[in-house]
Participant: 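I have a structure I would like to understand better, so I am pasting it below and will then ask my questions one at a time.
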Amino acid sequence: MPLKYDIAADICERLARVRKAIARAEQRYGRPAESVILLAASKTQTVERIRAVAQCGQRLFGENYVQEAEPKITQLRDLRWHYIGPLQANKTGRVVKLFEWVHTVDRLKIARRLSTQRAGLGKPLDVCLQVNISREPHRAGALPEELPQLAEQVAALENLRLRGLMAIPAATRDFEEQRRTFAAIRSALENLHDRGHCLDALSMGMSGDLEAAIAEGATIVRIGTAIFGPRR
Ligand SMILES: *Cc1c(COP(=O)(O)O)cnc(C)c1O
C-alpha cells in the first residue's frame with residue numbers, strides 16, 4: 001500500500017536526521033563518535049510505526065506505561081526495551097519481566113521490589129536513579145541531596161545494577177539554561193563517582209534539548225517527537 005510506504009520513508013528520514021544531529025553534537029562538543037546511545041521513546045505509537053522505525057535500523061525503544069507496553073513488547077520481542085515511565089508498586093512485577101533497563105527508580109521501596117522480583121530472571125536489571133533536578137513539585141525523582149543515600153541502598157540490592165542518573169528538566173528553549181541544568185545532573189553523577197560508585201549512564205536529552213544534553217555528557221538520549229512526529 002503506497003500510504004504505508006510513505007509513512008515508513010518519512011520515519012526513516014526523521015530517524016536519519018536525529019542520528020545526524022547526535023553525530024554533529026558529539027563532534028562539536030568533543031564527545032567520542034558513537035558515545036551517545038539513541039533510545040526511541042515510543043509511547044502512544046502503534047506496533048506498525050515502531051516496526052517502521054526498527055526497519056530503519058533502530059533497535060532500542062523506551063516505553064512509559066506498563067499497560068500500553070506489554071502487548072507492544074510481546075509483538076516486538078526482537079527489539080530492546082527500556083522502561084522510562086512512572087513506577088507504581090503494583091506494576092514492578094511486570095516491569096522486571098518486560099524490560100532490560102529501568103530509568104526511573106526514585107525510591108528505595110520500588111527498588112527493593114524490582115530486585116526481589118528480578119530474581120531468577122537471568123541478568124540483573126540495569127537501573128538509573130531519576131533525579132528531580134529542577135525541583136518541580138509534581139515531577140517524579142529524588143532530590144539531588146537524597147541521591148547519595150539512595151545510590152548506596154540501590155547499589156547494595158542483589159538483582160539490580162546501578163548504572164547512572166536520569167532526569168527530565170523543566171522545559172525551556174533557552175540553550176544556555178538547558179546546558180546549566182544538564183551540567184547540574186552531570187555534577188550529581190560526578191558526586192556519586194567521588195563516593196565510589198562506578199556509573200556509566202547519563203540518561204538525559206529529548207527532542208527539544210538533545211544538543212545541550214550531549215554537550216553536557218549525556219550517554220543516552222530519549223527521543224520521541226523528532227523520530228515519530230508529534231504525538232496525538
Ligand atoms: C515522551 C518522553 C520522551 C521523549 O520526548 P520527546 O519530546 O517527544 O522527544 C523522553 N523521555 C521521557 C521520559 C518521555 O516520557
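As the structure lists them, so they are numbered: ligands from 1, and atoms in each ligand from 1.
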Participant: Excluding sequence neighbours, so at least two apart, what forms salt bridge (charged side-chain N to carboxylate O under 4.0 Å, His left out) with E146?
Facilitator: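 Residues passing salt bridge (charged side-chain N to carboxylate O under 4.0 Å, His left out) with E146: none at all.
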Participant: Would you say the ring centers of W81 and F61 fall short of 6.0 Å from each other?
Facilitator: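 Between W81 and F61, the centre distance is under 6.0 Å.
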Participant: Could you tell me the residue and atom name of the protein heavy atom closest to atom 13 (C) of ligand 1, and the distance to it rounded to 0.1 Å?
Facilitator: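 Looking only at protein heavy atoms, the one closest to atom 13 (C) of ligand 1 is I84 O, 3.4 Å.
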Participant: For R222 and S203, test the side chains for any donor-to-acceptor distance below 3.5 angstrom and give the result as yes or no.
Facilitator: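 Yes, a side-chain donor-acceptor pair sits under 3.5 Å.
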Participant: Does the side chain of Q130 come under 3.5 Å of the side chain of R139 through a donor N or O and an acceptor N or O?
Facilitator: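 Q130 vs R139: no donor-acceptor pair found between side chains.
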Participant: Identify, for atom 9 (O) of ligand 1, the protein heavy atom at the shortest distance, and state residue, atom and that distance.
Facilitator: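 Nearest neighbour among protein heavy atoms for atom 9 (O) of ligand 1, to 0.1 Å: S207 OG, 2.5 Å.
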Participant: What atoms of ligand 1 come closer than 4.0 angstrom to any heavy atom of I223?
Facilitator: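 Counting atoms of ligand 1 from 1, those under 4.0 Å from I223 are 9 (O).
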Participant: So do the side chains of V154 and V127 get within less than 4.5 Å of each other, counting heavy atoms only?
Facilitator: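 Sidechains of V127 and V154: in contact.
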Participant: Where is the nearest protein heavy atom to atom 14 (C) of ligand 1: which residue, which atom, and how far?
Facilitator: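 Going atom by atom, the protein heavy atom closest to atom 14 (C) of ligand 1 ends up being K43 NZ, 3.0 Å.
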Participant: Would you mind listing which atoms of ligand 1 come within a distance below 4.0 Å of any non-hydrogen atom of I168?
Facilitator: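 Heavy-atom distances to I168 below 4.0 Å select 13 (C).
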Participant: Do NZ/NE/NH1/NH2 and the carboxylate oxygens of D78 and R59 come within less than 4.0 Å?
Facilitator: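 Yes.
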Participant: Nearest protein heavy atom to atom 11 (N) of ligand 1, by residue and atom, and its distance?
Facilitator: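 Result for atom 11 (N) of ligand 1: R222 NE, 2.9 Å.
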Participant: Any atoms of ligand 1 less than 4.0 Å from a non-hydrogen atom of A41? List them with their elements.
Facilitator: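 Checking each atom against A41, I get 3 (C), 4 (C).
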Participant: Just to confirm my output: which protein heavy-atom neighbour is closest to atom 10 (C) of ligand 1, and how far is it?
Facilitator: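 The closest one turns out to be M206 SD, 3.2 Å.
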Participant: Parallel, tilted or perpendicular, judged at 30° and 60°: which one describes the rings of W101 and H82?
Facilitator: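 W101 vs H82 ring planes: parallel.
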Participant: What do you reckon, does R231 put a non-hydrogen atom under 4.0 Å from ligand 1?
Facilitator: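 Right, R231 reaches ligand 1.
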Participant: Using a 4.0 Å cutoff against the non-hydrogen atoms of T225, which atoms of ligand 1 qualify?
Facilitator: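 Result: 6 (P), 7 (O), 8 (O), 9 (O).
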